[in-house]
S.K.: 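Structure incoming, see below.
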Amino acid sequence: MVDAAELIDNDFLRQFEIKIDKHLAKIEYSLQERKIFLTKLIIPEGIKDEGFQKEFLALVFEQIESRNLSVVPTSPEIAKFVRSNRKYKRMLPVGLRI
């Protein structure tokens, strides 16, 4: 489902966006120095796919990694994703444990 959609980094609104059908899923962020704070995950009710959240987050983390930024997940859902995916733990700033 996510593969066909395009991930957009909306600098103006400070959020990653992906449009599925007529629904817009978002991850709000704050960028400070070389760290990106992922503050809020918003997935509309209309997106029923169980694996969508995981795919969406993986896509966002890949884009962040390509920009060589550290990730600080402040949203509980995003922190849970990092805990369950060891490969993204290396993107956390030094000293931050989740």
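In what follows, every heavy atom counts, from backbone to side chain, and hydrogens, waters and symmetry copies are set aside.
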S.K.: Rounded to the nearest 0.5 Å, what separates atom CZ in Phe56 from atom CD1 in Ile18?
M.R.: 6.0 Å
S.K.: Hey, does the side chain of Asn85 reach the backbone of Tyr88 with a donor-acceptor pair shorter than 3.5 angstrom?
M.R.: no
S.K.: How long is the straight-line distance from CG of Asn10 back to NZ of Lys26, given to the nearest 0.5 Å?
M.R.: 9.5 Å
S.K.: Should Ile42 and Phe61 be counted in the same cluster of Ile, Leu, Val, Met, Phe, Trp and Tyr side chains packed under 4.5 Å apart?
M.R.: no
S.K.: Would Ile36 and Phe16 satisfy side chain to side chain contact (heavy atoms under 4.5 Å, CB included), going step by step from the backbone distance to the final call?
M.R.: CA-CA 12 Å; Ile36 188 164; Phe16 292 101; 3.8 Å; yes
S.K.: Looking only at heavy atoms, what is the nearest atom pair of Ile47 and Ala25, with distance?
M.R.: CD1-CB, 4.3 Å
S.K.: Under 4.5 Å between side-chain heavy atoms, hopping through other hydrophobics if needed: is there a path connecting Leu24 to Ile78?
M.R.: no
S.K.: Are any of the side-chain heavy atoms of Arg34 and Asn68 separated by less than 4.5 Å?
M.R.: yes
S.K.: What are the two closest non-hydrogen atoms of Phe81 and Ala58, and how far apart are they?
M.R.: CZ-N, 3.7 Å
S.K.: Would you please test Ile64 and Leu38 for side chain to side chain contact (heavy atoms under 4.5 Å, CB included) and show each step?
M.R.: CA-CA 11 Å; Ile64 292 169; Leu38 301 178; 4.1 Å; yes
S.K.: Taking all non-hydrogen atoms of both residues into account, name the closest pair between Leu92 and Pro73 and its distance.
M.R.: CD2-CD, 3.7 Å
S.K.: Measure the shortest side-chain to side-chain distance between Leu31 and Leu69 over non-hydrogen atoms and say whether it is less than 4.5 angstrom.
M.R.: yes
S.K.: CD/Glu17 to CD/Glu6 distance, rounded to the nearest 0.5 angstrom?
M.R.: 10.5 Å
S.K.: Just wondering, more than 12 heavy atoms not from Lys40 lying within 6.0 Å of its NZ?
M.R.: no
S.K.: Side chains of Leu57 and Ile27: does their closest heavy-atom pair fall under 4.5 Å?
M.R.: yes
S.K.: Does Gly51 offer a backbone N or O that forms a donor-acceptor pair with the side chain of Asp49 under 3.5 Å?
M.R.: yes
S.K.: If every non-hydrogen atom of Gln53 is compared with every non-hydrogen atom of Ile43, which pair is closest and at what distance?
M.R.: CB-CD1, 3.6 Å
S.K.: Give me the atom names and distance for the closest heavy-atom approach of Val71 to Pro93.
M.R.: O-CD, 3.2 Å
S.K.: Please tell me whether Leu96 and Phe37 are part of a single hydrophobic cluster in this structure, the criterion being side-chain heavy atoms less than 4.5 Å apart.
M.R.: yes
S.K.: Counting N and O atoms only, with roles assigned by atom type, does the side chain of Lys22 sit under 3.5 Å from a partner on the main chain of Lys19, one being a donor and the other an acceptor?
M.R.: no
S.K.: Among Asp9, Thr39, Thr74, which residue meets the side chain to side chain donor-acceptor pair (under 3.5 Å) test with Tyr29?
M.R.: Asp9
S.K.: Distance check, rounded to the nearest 0.5 Å: Glu65 atom CD versus Lys87 atom NZ?
M.R.: 8.5 Å
S.K.: Just checking Arg90: does its CZ atom have more than 12 heavy atoms from other residues, nucleotides or ligands closer to it than 6.0 angstrom?
M.R.: yes
